[in-house]
Amino acid sequence: MKKIAVLIGVAGLAATASAQYNTGIQAGPFNSDGPAGDATNGVFSFTYGASTATFNTVRIRGTATSGGVGSFLSELRWRLALDGGATRDSGQLIPGSTWTGGVPVDNSQPVANFSLTGGNAYSFRFWESFNDGGVDATWTNVQFDLSFTAPVPPPVIANLGTLSDGHAPISVPGTLAASAVNWYSFTAGSGSWEDFWTGITPSVNTDTEIGIYSADGFLVSSLSNDDYSFPSAAWSHLGYGPSLIDPDGPGALVPFASASASQGRYGATSPFTAGNTYYIAIGGFNTTFGTAGFAVTGGATTGPYLLQVIPAPGAAALLGLGGLIAGRRRRA
């Protein structure tokens, strides 16, 4: 059984930018050296000269010249230092291994929303994802472009409607193709305490992974889930609520505080806001769930699954799922 994990990925966004700012070119040189936040990092400082605005996409342009220490191009990173000690880190800026001379870099990637305040000073720090013990690269003629991009919602297989307290259990069969991500949407109603499952029976156990995104493209609570422990290690489960369906019961309500992380129980309070739309992403192992921009990359595993959405707590949960899971337990 694989362990529950938060998986982070980076992907581009496609939409119309509604806010833009560029820092202007600085000649440098700036050393890419040491881990994130280390005193040896080269620092690109700038004063934000526009009205307070929110951004979520960062583009870097410049030339990275090898430091000659056997480091890889793929190890180059930046960190944006924000107000109040907040930061945003890049993923990989350019693929490649050891290199000589200067290489042009032009990379854009989404990050979690951040705001800049007019007149305040900010900085980008250049660091290494693997510290080779010397200067990986020297950056010259660097410019950062900041923008806000409204993410485009993914295409959905089905809209599950409004999920309010006590709604009828929902079961939607589906099939995963290689590298596919299957999307579903729903609107949160009042009292949205929900259990999300992807299992069919213990003998039909496609290795699925599941994550939930808000309408602005962010992974809800920065959590995704893979491999619920019972009745099949291949099932996935996300649960939110003070009491949740416990298949080990079977079908009993269990307080969140007594549920283990291996059971995929992620929230004692609902992360859903009534009236807002959310998106469920289902993929096969080994799917990666990015934190922004609906950035999900499907895994290689294929096969059938059954998306089940069960209200919890409530009589509907017990009646709708308790007997079903009890039956599965007897057959397991």
Side-chain angles (χ1 to χ4, degrees), residues 5-14 17 20-48 55-82 85-114 116 121-149 219 222 286 288-293 295-297:
V6 176
L7 300 173
I8 306 228
V10 177
L13 298 174
Q20 295 186 1
Y21 180 79
N22 73 74
T23 61
I25 297 174
Q26 293 189 23
F30 306 102
N31 288 340
S32 182
D33 186 22
D38 194 84
T40 59
N41 296 164
V43 180
F44 177 112
S45 299
F46 67 100
T47 298
Y48 178 60
F55 305 94
N56 63 6
T57 306
V58 178
R59 178 185 184 187
I60 179 175
R61 288 178 284 178
T63 299
T65 300
S66 173
V69 296
S71 60
F72 285 10
L73 278 167
S74 60
E75 296 166 4
L76 301 179
R77 301 287 191 274
W78 52 253
R79 166 172 284 186
L80 172 59
L82 299 166
T87 60
R88 298 291 185 271
D89 288 334
S90 76
Q92 178 181 292
L93 302 179
I94 185 172
S97 55
T98 57
W99 80 105
T100 59
V103 172
V105 178
D106 187 342
N107 171 268
S108 296
Q109 55 188 261
V111 295
N113 289 5
F114 63 91
L116 300 185
Y122 301 93
S123 65
F124 284 91
R125 304 179 68 92
F126 297 90
W127 58 283
E128 313 169 23
S129 63
F130 181 85
N131 188 2
D132 296 283
V135 176
D136 274 27
T138 299
W139 288 85
T140 54
N141 300 320
V142 179
Q143 175 171 309
F144 289 92
D145 299 283
L146 314 178
S147 61
F148 181 85
T149 307
L219 193 60
S222 297
N286 186 18
T288 60
F289 296 92
T291 57
V296 184
T297 302

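Because only heavy atoms are used, hydrogens play no part in the values below, and waters and symmetry mates are left out as well, while side chains stay in.
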Looking only at atom types and distance, does a side-chain atom of Ser123 sit under 3.5 Å from a main-chain N or O of Ala81, one as donor and one as acceptor? no
Backbone N or O of Gly34 within a donor-acceptor pair of the Glu128 side chain at under 3.5 Å? yes
For [X], which residues count as a side-chain contact (heavy atoms from CB on, under 4.5 Å) partner, sequence neighbours excluded?
X      : value
Ala112 : Arg88, Phe218
Asp89  : Arg79, Trp127
Asp38  : Pro35, Thr40, Asn41

Point-to-point distance, once rounded to the nearest 0.5 Å, from [atom1] of [X] to [atom2] of [Y]:
X      : Y      : atom1 : atom2 : result
Leu116 : Phe46  : CG    : CZ    : 5.5 Å
Ser108 : Arg61  : OG    : CZ    : 8.5 Å
Phe148 : Phe114 : CZ    : CZ    : 11.0 Å

So Gln109 and Leu93, side-chain contact (heavy atoms from CB on, under 4.5 Å) or not? Walk me through it. CA-CA 9 Å; Gln109 55 188 261; Leu93 302 179; 3.9 Å; yes
Minimum heavy-atom distance between [X] and [Y], given as atom pair plus value:
X      : Y      : result
Phe124 : Leu146 : CZ-CD2, 4.1 Å
Ser74  : Gln92  : CB-OE1, 3.5 Å
Gln20  : Ser147 : CG-CB, 4.1 Å
Gly91  : Arg77  : O-CD, 3.1 Å

Given side-chain contact (heavy atoms from CB on, under 4.5 Å), test Val111 with Phe55 step by step and report yes or no. CA-CA 9 Å; Val111 295; Phe55 305 94; over 6 Å; no
Which residues share a side chain to side chain donor-acceptor pair (under 3.5 Å) with Tyr48, sequence neighbours left out: none
Under 3.5 Å, which donor-acceptor pairs do the side chains of residues 94-104 form with other protein atoms, sequence neighbours left out?
residue	atom	partner	partner atom	Å
Trp99	NE1	Ala64	O	3.3
Trp99	NE1	Gly101	O	3.2

Would you tabulate the side-chain donor-acceptor contacts of residues 131-144 under 3.5 Å, counting partners in other chains and residues two or more places apart, or write 'none'?
residue	atom	partner	partner atom	Å
Asn131	OD1	Gly133	N	3.1
Thr138	OG1	Asn31	OD1	3.4
Gln143	NE2	Asp145	OD1	3.0

